[in-house]
Amino acid sequence: MSTTIVMPKAGLTMVEGTISQWLVAEGAYVKKGDALMEYENEKNTIECDALADGYVHILAQEGDTIPVGEPIGILAESPEELAAILRSLTAGGVTVV
């Protein structure tokens with residue numbers, strides 16, 4: 001089962017964050033606790049860590065500003081699950097990067 005990576009909330013007043021840098025490549029395998037990306041809020045640059053093991057699919061790109069709680073990526077449990085996710089996103093008319 002896949003895990004959705006969402007824009008985290010850092011601080012009580014944060015409503016959106018800007019992805020400054022992905023620290024892993026599309027399709028990379030990560031372990032729980034590995035740093036996935038850095039994002040900026042109005043005050044800081046913060047690392048976002050993986051909440052589960054999995055293969056990364058990136059939904060939001062560097063420079064994108066995303067509301068807190070919105071999806072920015074997906075962690076698939078296996079390469080086969082990642083391939084299925086990519087097929088379903090492509091079939092749905094979503095451009096996969």
Side-chain angles (χ1 to χ4, degrees):
M1 184 171 156
S2 64
T3 301
T4 302
I5 306 164
V6 299
M7 178 57 73
K9 183 173 186 172
L12 296 174
T13 61
M14 183 175 163
V15 295
E16 64 186 16
T18 301
I19 298 173
S20 53
Q21 177 182 356
W22 281 97
L23 303 174
V24 297
E26 173 71 24
Y29 181 77
V30 297
K31 293 191 168 274
K32 182 178 180 177
D34 287 352
L36 295 175
M37 62 98 178
E38 293 178 345
Y39 66 98
E40 300 171 10
N41 64 12
E42 57 277 347
K43 297 179 184 178
N44 299 306
T45 299
I46 306 149
E47 277 189 0
C48 173
D49 297 335
L51 298 178
D53 296 354
Y55 295 86
V56 177
H57 172 58
I58 296 170
L59 296 173
Q61 301 305 304
E62 293 176 1
D64 289 352
T65 300
I66 309 295
V68 168
E70 291 296 312
I72 59 171
I74 300 170
L75 288 176
E77 287 185 341
S78 67
E80 296 79 17
E81 183 181 37
L82 179 60
I85 289 167
L86 295 176
R87 280 193 305 276
S88 70
L89 291 174
T90 302
V94 175
T95 303
V96 178
V97 291

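The analysis underlying the following values was restricted to heavy atoms, covering all of them including side chains, and did not include hydrogens, waters or symmetry mates. Computed from a predicted structure; not experimentally measured.
Counting only heavy atoms from C-beta outward, the side chains of Asp64 and Glu70 never approach each other to under 4.5 Å.
Both Val24 and Ile72 are assigned to one and the same hydrophobic cluster, defined by single-linkage of ILVMFWY side chains at heavy-atom distances under 4.5 Å. A continuous path of ILVMFWY side-chain contacts below 4.5 Å connects Met14 to Met37, so both sit in one hydrophobic cluster.
Here the closest non-hydrogen pair linking Ala10 and Ile46 is CB-CD1, 3.5 Å. Of all non-hydrogen atoms in Thr3 and Ala52, the two that sit nearest each other are OG1-CB, 3.9 Å. For the residue pair Ile66 and Ala60, the shortest heavy atom distance occurs at CD1-CB, 3.9 Å. When all heavy atoms are compared, the tightest approach of Val68 to Glu16 is CG2-N, 3.8 Å. Taking all atoms of both residues into account, the shortest heavy-atom contact from Leu82 to Gly27 is CD2-CA, 3.9 Å. Asp53 and Lys31 make their closest contact through OD1-CA, 3.2 Å (heavy atoms, listed as atom of the first residue, atom of the second, distance).
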| request: Using the side chain to side chain contact (heavy atoms under 4.5 Å, CB included) rule, take Val56 and Leu75 through it: C-alpha gap first, then chi angles, then the decisive distance, then the call. | output: CA-CA 5 Å; Val56 177; Leu75 288 176; 3.7 Å; yes

| query | Can Thr13 and Glu42 be said to form a side chain to side chain contact (heavy atoms under 4.5 Å, CB included), step by step? | reply | CA-CA 9 Å; Thr13 61; Glu42 57 277 347; 3.6 Å; yes

| Taking it one step at a time, do His57 and Leu89 satisfy side chain to side chain contact (heavy atoms under 4.5 Å, CB included)? | CA-CA 11 Å; His57 172 58; Leu89 291 174; 3.4 Å; yes

| field | Evaluation steps, side chain to side chain contact (heavy atoms under 4.5 Å, CB included), between Tyr39 and Thr45 | value | CA-CA 6 Å; Tyr39 66 98; Thr45 299; over 6 Å; no

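Distance OG/Ser78 to OH/Tyr29: 10.5 Å, rounded to 0.5 Å. A distance of 9.0 Å separates CG of Leu36 from CD1 of Ile58, quoted to the nearest 0.5 Å. Interatomic distance, CG of Asp49 versus CD1 of Ile5, reported as 11.0 Å (0.5 Å rounding).
With hydrogens and angles ignored, the 3.5 Å screen pairs a side-chain donor or acceptor of Ser20 with a backbone N or O of Glu38. Proximity of a side-chain donor or acceptor of Glu81 to a complementary backbone N or O of Glu77 within less than 3.5 Å is detected. Not one N or O on the side chain of Glu62 forms a donor-acceptor pair closer than 3.5 Å with the backbone of Ile19. Put simply, the side chain of Asn41 never gets that close to the backbone of Gly17: no donor and acceptor are under 3.5 Å apart.
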